[in-house]
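Written out below as structure tokens is the structure these notes cover.
Keep in mind that the numbers below use all heavy atoms, side chains included, and drop hydrogens, waters and symmetry copies. Nothing here was measured: the structure is a model prediction, and the numbers come from that model. For ligands, and for the atoms within them, numbers begin at 1 and follow the listed sequence.
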Amino acid sequence: MPLSSLAHIPVSCSGGAYQVSVGPGALELLPEAVAKSGARRVAVITDSNVGPLHLSRVLSFLPPDSPHFIFPAGEASKHLGTIGEMLDFLAREQLTRSDLVVALGGGVTGDMAGFTAAIYLRGISVLQLPTTLLAAIDSSVGGKTGVDLPQGKNLAGAFWQPRAVLCDTDLLSTLPRRILFDGVAEAVKYGVIRDAALFRLLATPGGFQENLRQVIARCVEIKAEIVAGDEFDRGERALLNFGHTLGHAVERESDFAISHGQAVAIGMVAVTRLAEERGWCEAGLHAQIAQALELYELPVELPYPWERLAEAMLHDKKRRGNELTLVVPECLGRCVLKTLPVAELAGERLLP
Ligand code: GLY
């Protein structure tokens, strides 16, 4: 496949613009991206699932003897202890401020390698090489980095934009179906918040599988537009959290046995049901969203009593005092933010 078939999406941010390149073979742009960064040394951070699959190919595009660090795959590694190990690694390898970290992997890797790059020597460049759909369309773009604390997900972190994102769709071909479909939940999210045509494509059997590059590129375009308008998450960037407040509560209650994408799927349907009950959106929208998600074997029913989830939502980092802001759809392609008192939410009944 010629590299001309790649889509290049610019993301504007306070530190200047960067590009997200999407398509088969995007990895081949790595030497050019490294040269552009001016780095003399490049360190790769990856996990124990992705390393055996893709590390040697990535290293083949980098200067000889580029060091790498592999941590145990999974959300359980996403804590400050692992960040300490990553910092030790960069210091041991004597990376300097003008060098580069490459984050090779899914959301956990991108978030942690990005955060490590943000604080090592008070900040060195990071390039994101996402290997999951979820990382490709969401976490690798927009500069949110961080780790979990015992008290909750992503409670410590920094905004640290990457130098570039190379999303090689060939790398997604090794993904187990469940992990690929996890990312589709986020793609459906973009459809509901900004693009009814994207939603309809995803709601058509085969629509996603036959248009992978286009779907990723469109999701990244939407994210880039939103991030350009609100890089530091003080306003409309919150729209990207559609389904997430409840989703995070579901993830937490399941002790992460329910994956992020599955939890977001459940959250989007439940919040849309609430919006319908309150008359904020057209009737039947939650069923439409549920039907689309079920095409990708994603769950759509609340797995726990509402009271338990409402309690868990009290710990959401986006809570302000006694209020939580939820993203609610008005129609396909348009969502708004609604701030509700927590006590009122706790009194809702979202179970069928
Ligand atoms: N993942 C949500 C955001 O980047 O704001």
Could you go through the side chain to side chain donor-acceptor pair (under 3.5 Å) check for S125 and R163 one step at a time?
CA-CA 6 Å; S125 298; R163 276 245 158 202; 3.2 Å; yes
Between OG on residue S21 and CD on residue E28, distance to nearest 0.5 Å
12.0 Å
If you scan protein heavy atoms around atom 5 (O) of ligand 1, the nearest is R237 NE, 2.7 Å
Can you tell me if D233 has a non-hydrogen atom under 4.0 Å from ligand 1?
no
Charged N to carboxylate O below 4.0 Å: is that the case for E186 and K189?
yes
Can a non-hydrogen atom of K223 be found less than 4.0 Å from any atom of ligand 1?
yes
Donor-acceptor pair, side chain of Y190 and main chain of I137, under 3.5 angstrom
yes
Ligand 1 versus V227, non-hydrogen atoms closer than 4.0 Å: side chain, backbone, both, neither?
neither
